[in-house]
Structure formats: C-alpha cells, structure tokens
Amino acid sequence: MDFLLPEDITALSESVARFAATEIFPVMPEFEKTGEFPHVIVQKMAAAGFFGAAFPEAVGGSDAGFLAVSAISETISRLAPEFGYCMNMQAMTCPFTIFNWGTGDQISRFVPDLIAGKKIGMFALSEPGGGSDAAGSMKTTAVRDGDVYRLNGSKQWITFANEADTGILFAKTDPAGGHRGVTAFIVQPKEFAGFTANPIPMTGLSKSLCSNAVFLDDFVVPVGNCLGTEGDGFKIAMNALEYGRLTVSSRSVGLAQACLDHARDYANQRVVGGNPIGEYQMVQHLIADMTVNIEAARLLVHKMAWLMDRGEVSNRAASLAKYAAVNAAKHAAASASEIFAGYALADEYPIKKITAYVNMLAVGEGTPNVQRILIAEDALGIKDANRHPVRNRLRAPNVK
Ligand SMILES: Cc1cc2nc3c(=O)[nH]c(=O)nc-3n(C[C@H](O)[C@H](O)[C@H](O)COP(=O)(O)OP(=O)(O)OC[C@H]3O[C@@H](n4cnc5c(N)ncnc54)[C@H](O)[C@@H]3O)c2cc1C
C-alpha cells in the first residue's frame, strides 16, 4: 500500500492499468491511423466507472471521491496519455461544472449521459487572443434574441469540439462589463446550427482525441441552457479550473512516472563502455532527482484531492499541485530524453510522445506563469489564493 493511500484506491489504479492493457493498447493504433474518435473505448471507460467517481449515485456516479479521480487520471495518463483528456471532458471540467452550477433540470438532462460516455463533452473558454487572460481577451459575444441567445466569435484549442454533443462555452453578454460581462452556457453543437470545429494538427499528440479551432456564426443556445445567471461566467470558469487542476496535475504526475519507468528500464539494460548506463553516477543523479520530484508532486496532488474530499477550499493547494506536477513532468521528460539520447527521438520509443503531452499539460488549466502569479501573490499577502468560496454541491452543499 502506498503512503496515505487506502487500499481501494491502489486497487483502482491497478484496474485502470489492466483496462489500458486489454481495451486500449490492442485497438488504439487503428483509430490513430484513421483519426476516428474512439467512442467504443470511451464508453467502456465509462462502464468501468472512470468518470463517475466525483458524482453521487443519483446521477450515475459512484461517490468514490476526488482521490479516486486523481488515481484514475494519473494511471490512464501514465499508460495512454491521450485518454487523459477524457478525465476532464467526461469526468470533471464539463460534467462537474454542470453538476455544481446547473439547475436540477440541467443536471438530469446533461450530467448522466456525459459520465456514462453516451455524450462527449467539451469546455470552451480559451480564445485566439490569449488563454492566460481568458476574460480580458474574450471577444465572443452572446446576444439574447427571444427564447435563444445567438453566439458569434471563435474559440481556440477546444479539446473534443469536433465530436462534442454537450459543452460549456463562455461568451460575453455584456462586452463592456469586464469579468462580470461573461456568461456560461451549456451548448449542444450537434443540435443547433452555427458551430464549426476544425482539428488543429499537432505533431506528437493524438489525431483521434484532438483539440480544435472553433467558429461560432449566430450559433443558437436556448435561454434555458444558460448556466447560472448572466454575468456568473467568470466565477464559474474559475471554479471549473480548480477541479480541472486536479486531473491535469494527476495526469502530469502520471506522465512524469512514465518517464521514470521507461528511463529506469532503459538505464538498466543499455550497456555503453562495458557497463549498464544506470551504473554511471551522472545517470543516477537524473534518476534520483526524477524520483524525488515525482514523489513530492504526487503528495501535493493527493493533498489537493484530500481537501476536495473534505469539501474544503482548495484553490491554493490546486495551484501548488499544478505547478509542482508540471515541473516534475518537465524535468522527468528532459531527464528521460537525456538518458535515451538518440533513441528519445525514435518513434519506437515513447519519450517523444510523452514529452508532447507534458508540454500540453503545462499550459492547460493555467500556464506555469499563471500558477506562479497565484502562488506568489498569496505568499506575499497581496491576494489570498483561497479567497474563492467552495463550490461543490456534493461535499459542501451548504456553502454558496
Ligand atoms: C492541446 C491543447 C488543448 C487545450 N484544450 C483546451 C480546452 O479544451 N478548452 C480551453 O478552453 N482551452 C484549452 N487549451 C488552451 C490552454 O488553456 C491555453 O493554451 C492556456 O490557457 C494558455 O493560453 P495561450 O496558449 O493563449 O498562451 P498566452 O496566454 O498567450 O501566454 C503566452 C505566454 O505568456 C505568459 N503570460 C501571459 N500572461 C502573463 C502575465 N500576466 N504574466 C506573466 N506571464 C504571462 C504565459 O504564461 C505564457 O508563457 C488547450 C491548449 C492546448 C495546447
């Protein structure tokens, strides 16, 4: 048993690893050849309970908690990083935000199908003008027209937008209102006209599970799909990112652990100058630093999950965990590349692919600089990182 980890969480990680070996590895190369979205695998992940851990049984969840979400995210990312995206779109940022902020009707219409893998989710905040200042750079507008809103503008990098049935999309209902002018909408790209998603080619990342440039041309959203009330959007986005940071940090630890696992095996078997390179002190230095960084980052991620499971404020813990996990993953990817040397660049070894996902996770849910700003302002007493109230219907139902 791992330090602090209950046995059922360790067993859960092992079952995710078995799932990857039996349900993903044998079939995924075919999906990558064609670029087809692997619906069948996503549905099997759902059936295996990957997406429902944070939700009550009433909406189809298992109420296993956030430590379980973290364990599933870490293991799937360690073994099949492209499926890490699903932990955001099917398990956290999309459905959990609807669960936290939606009306009873919105929850029952959208949440169960997302965590059952019947509908594909997305979370559309970033725009071409800059993801780090999401509200400031937001040009997408939503104008009320009778029973609907009409949305115009564009979004950038939106993962699964080319397949999404249900998403959360942010637009300005009051363009002059700054942060308070942003409104969150539950959108249904396949149901209403005006939504176009074009996959963005990205070497090293999956063609089947991909991110997109999105264009909105009088895209229709029924008034009943407004999430919260007009002007709540920025608050909702910041709350969603807190939960997104749990999966992104866990996924980063998984990638870092993958680098260590591969580098350790390679260092033990690669003989240069008559010795396995793992016997050379400078290679041992890399392995030692990777090991310590990963253990430390994992503990910070588990602390964030523990706070979330207790229904406590976790913004500060989320920024610390995200920053530490991405640093551990970046260091691990660079160290593994050094240990593999020329073979790090060969397609037959996994280091190139893992490094691409490390770079992706570094920017998702806030770049390292964004985390540094949040952490430093908190440490300096300029802005309390934990100033945002808890929003978690299940764990802290009385806190608004
Ligand atoms: C593969 C992929 C998938 C993604 N999926 C999604 C998704 O599903 N939904 C979604 O909404 N977004 C998604 N994103 C977008 C992601 O969240 C953004 O890339 C991220 O927020 C950074 O925005 P940016 O790339 O525009 O960088 P910018 O905001 O342009 O930042 C560029 C650099 O400037 C730095 N910087 C910016 N402002 C400051 C400042 N004030 N002080 C110091 N440094 C600063 C940043 O840290 C960064 O290093 C995805 C991105 C990728 C690459």
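Position 1 is the first residue of the sequence, and the numbers go up from there. Counting starts at 1 for both ligands and their atoms, in listed order.
The nearest protein atom to atom 1 (C) of ligand 1, hydrogens excluded, is given as M360 CG, 3.2 Å; this is a heavy-atom distance. The protein non-hydrogen atom at the shortest distance from atom 19 (O) of ligand 1 is V363 CG2, 3.8 Å. For atom 26 (O) of ligand 1, the closest non-hydrogen atom of the protein is G131 N, 2.7 Å. The protein heavy atom nearest to atom 41 (N) of ligand 1 is I373 CD1, 4.0 Å. In terms of protein heavy-atom proximity, atom 43 (C) of ligand 1 is nearest to N369 ND2, 3.6 Å. Scanning the protein heavy atoms around atom 38 (N) of ligand 1, the nearest turns out to be S132 CB, 3.9 Å. Protein heavy atom in closest approach to atom 22 (C) of ligand 1: T367 CG2, 3.7 Å.
Within a 4.0 Å radius of atom 15 (C) of ligand 1, the protein contributes one or more non-hydrogen atoms. The protein reaches atom 7 (C) of ligand 1 closely, with a heavy atom under 4.0 angstrom from it. Atom 34 (O) of ligand 1 is not flagged as protein-proximal [any protein heavy atom, distance under 4.0 Å].
Considering backbone and side-chain atoms alike, W157 places an N or O below 3.5 Å from some N or O of ligand 1. On a distance-only criterion, S126 and ligand 1 share at least one N/O pair closer than 3.5 Å. Distances between N or O atoms of S211 and those of ligand 1 include no value under 3.5 Å. Residue-to-ligand polar distances keep M202 apart from ligand 1: every N/O pair is separated by 3.5 Å or more.
Listed by first then second residue, pairs satisfying side chain to side chain donor-acceptor pair (under 3.5 Å) with a partner in residues 279-292 read N275-Y280, H285-D289, not counting sequence neighbours.
More than 12 heavy atoms of other residues, nucleotides or ligands lie within 6.0 Å of NZ in K353, so this atom counts as buried by the packing criterion. Within 6.0 Å of CD in E338 there are 12 or fewer heavy atoms belonging to other residues, nucleotides or ligands.
A donor-acceptor contact shorter than 3.5 Å is absent between the side chain of N212 and the backbone of V214. For the pair E127 (side chain) and K139 (backbone), a donor-acceptor distance under 3.5 Å is present.
Under a 4.0 angstrom heavy-atom cut-off, R372 registers as lying outside contact with ligand 1. Taking a 4.0 Å cut-off on heavy atoms, F160 fails to register as neighbouring ligand 1.
Annotation for ligand 1: atoms under 4.0 Å from non-hydrogen atoms of M89 are 8 (O). Of all atoms in ligand 1, numbered sequentially from 1 with element shown, those under 4.0 Å from a heavy atom of F123 are 7 (C), 8 (O), 9 (N), 10 (C), 11 (O). Of all the atoms in ligand 1, the ones that sit under 4.0 Å from a non-hydrogen atom of G130 are 26 (O), 29 (O). Of all the atoms in ligand 1, the ones that sit under 4.0 Å from a non-hydrogen atom of Y85 are 1 (C).
Looking at T140, I236, L227 one by one, the single match for side chain to side chain contact (heavy atoms under 4.5 Å, CB included) with F170 turns out to be I236.
The residue M122 has no part lying near ligand 1, judged by heavy-atom distances below 4.0 Å. The residue N88 has no part lying near ligand 1, judged by heavy-atom distances below 4.0 Å. No part of Y357 comes within 4.0 Å of ligand 1, judged by heavy-atom distances.
Not less than 6.0 angstrom separates the ring centroid of F37 from the ring centroid of F31. Note: F123 and F160 fail the aromatic proximity criterion, with ring centroids not under 6.0 Å apart.
Residues E23 and R18 are not paired through a salt bridge, judged by the lack of any N-O separation under 4.0 Å between the basic side chain and the carboxylate. Between D63 and R395 there is a salt bridge, with a side-chain nitrogen of the basic residue lying less than 4.0 Å from a carboxylate oxygen of the acidic one. Here R298 pairs with E74 in a salt bridge; the nearest charged N to carboxylate O distance falls below 4.0 Å.
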Distance-only donor-acceptor hits, side chain of residues 185-203, under 3.5 Å, sequence neighbours excluded:
| unit_1 | atom_1 | unit_2 | atom_2 | d |
| --- | --- | --- | --- | --- |
| Q188 | OE1 | N225 | ND2 | 2.9 |
| K190 | NZ | E163 | O | 3.0 |
| K190 | NZ | D165 | OD1 | 3.2 |

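Side-chain atoms of E242 and S314 form a donor-acceptor pair, as typed in the model, at a separation below 3.5 Å.
Using a 4.5 Å cut-off between side-chain heavy atoms of Ile, Leu, Val, Met, Phe, Trp and Tyr, with links allowed through other members, V363 and Y85 fall into different hydrophobic clusters.
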